[in-house]
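Input: a single structure, listed below in structure tokens.
Excluded from the calculations below are hydrogen atoms, water molecules and symmetry mates; all remaining heavy atoms, backbone and side chain alike, are included. Counting starts at 1 for both ligands and their atoms, in listed order.
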Amino acid sequence: MINKKKLWRTANDHNIEDRVKKIKEEPVPEHIAIIMDGNGRWAKKRALPRIAGHHEGMKTVKKITKLVNKLGVKVLTLYAFSTENWKRPKHEVEFLMKLPEEFLGMFLPELIEENVRVQMMGERSQIPKHTLNAVEKAMEQTSGNDGLILNFALNYGSRAEILTAVKNIISDVKNGIILEENLDEELFSRYLMTEHLQDPDLLIRTSGEIRLSNFMLWQLAYTEFWFTDTNWPDFKEDHLLEAVEAFQRRSRRFGGLS
Ligand code: V07
């Protein structure tokens, strides 16, 4: 029985490896953004508490990061906590705010080894000290890495991000730091939390909801969208490759037209 399982796993792994090789023969999306939805739904289906779904979802983050790195993707942005998530029950919010520490405690050495650079975007002032400390320590320890940028959206909301950008631009115009006539899309982008990142090429949202939920509204203007009914904890290597293969099919079609 054990042998049988092992044999199957090996065959599956080969399948993944072959697909990765094929995918890398064509342009790969350079920035993938993911709305990791369906952790609560995953738990409910198994009569488990919602936090069990969040914990399982954390393991998926590691798995997908590893694969995305293997594909040669430059940036992976993950929506980990939205500004709306504060409305959830207190115990759930407290559990969620412990996940970055747990994740980094388990995986930071591996991320360093894999040359991954950890970053975050979001409003820092409301994030608990213990959470922010762990994330900032990881950012520091990986700041010299030049492989995949693993960008966590933590206490992130896109409208607030845009509003802050507008206020800072007004202030900089008033103070003569920039000229109003020089304000264009490129300059505006530099006032967003993604100032140093390119726009996503591919957005994935799991768990069947077909909306953006205040995620990267400016940055997703030209992005390809991939929606799947799979809940985030069930989202495996196979699902990510399926999304990237679909992206490449679309690019090929577009390439043929232009
Ligand atoms: C969270 C697990 C994934 C599914 C979505 C909700 C729950 C990883 C992190 C994380 C964040 C920053 C960081 C390292 C890891 C995380 C939250 C929730 C709040 F530097 N997963 N994960 N943070 N979930």
Looking at atom 10 (C) of ligand 1, what's its closest protein heavy atom, distance included?
-> F152 CE2, 3.5 Å
Run the salt-bridge test on R190 and E186 with the 4.0 Å N-O cut-off and return the result as yes or no.
-> yes
Between W232 and S207, a side-chain donor and acceptor under 3.5 Å | no
Looking only at heavy atoms, is any part of L78 under 4.0 Å from ligand 1, and if so is it the side chain, the backbone, or both, or is it neither?
-> neither
Parallel under 30°, tilted from 30 to 60°, perpendicular over 60°: which one fits the rings of F103 and F152?
-> perpendicular
Going by the order shown, which atoms of ligand 1 are within less than 4.0 Å of some heavy atom of L96?
-> 7 (C), 17 (C), 19 (C)
What atoms of ligand 1 come closer than 4.0 angstrom to any heavy atom of F103?
-> 14 (C), 15 (C)
Atom 18 (C) of ligand 1 has as its nearest protein heavy atom A80 O, 3.7 Å
Looking only at heavy atoms, the pair that brings I16 and D238 closest together is CD1-N, 3.9 Å
Which atoms from ligand 1 have a heavy atom of G57 less than 4.0 Å away?
-> 2 (C), 3 (C)
Looking only at heavy atoms, what is the nearest atom pair of Q126 and W86, with distance?
-> O-CH2, 3.4 Å
L154: numbered ligand 1 atoms lying under 4.0 Å from its heavy atoms | 19 (C)
Can you tell me if T77 and H31 form a side-chain donor-acceptor pair at under 3.5 Å?
-> yes
Do NZ/NE/NH1/NH2 and the carboxylate oxygens of E101 and K98 come within less than 4.0 Å?
-> no
Can you tell me the protein heavy atom closest to atom 5 (C) of ligand 1 and the distance?
-> N39 ND2, 3.6 Å
Proximity winner for atom 24 (N) of ligand 1, if only heavy atoms of L99, T60, I127 are counted = L99
Touching ligand 1 at all, M120? Heavy atoms, strictly under 4.0 Å?
-> no
Is any NZ, NE, NH1 or NH2 atom of the basic residue among E209 and R41 found under 4.0 Å from an Asp or Glu carboxylate oxygen of the other?
-> yes
Taking heavy atoms and a distance under 4.0 Å, where does L104 meet ligand 1: side chain, backbone, both or neither?
-> side chain
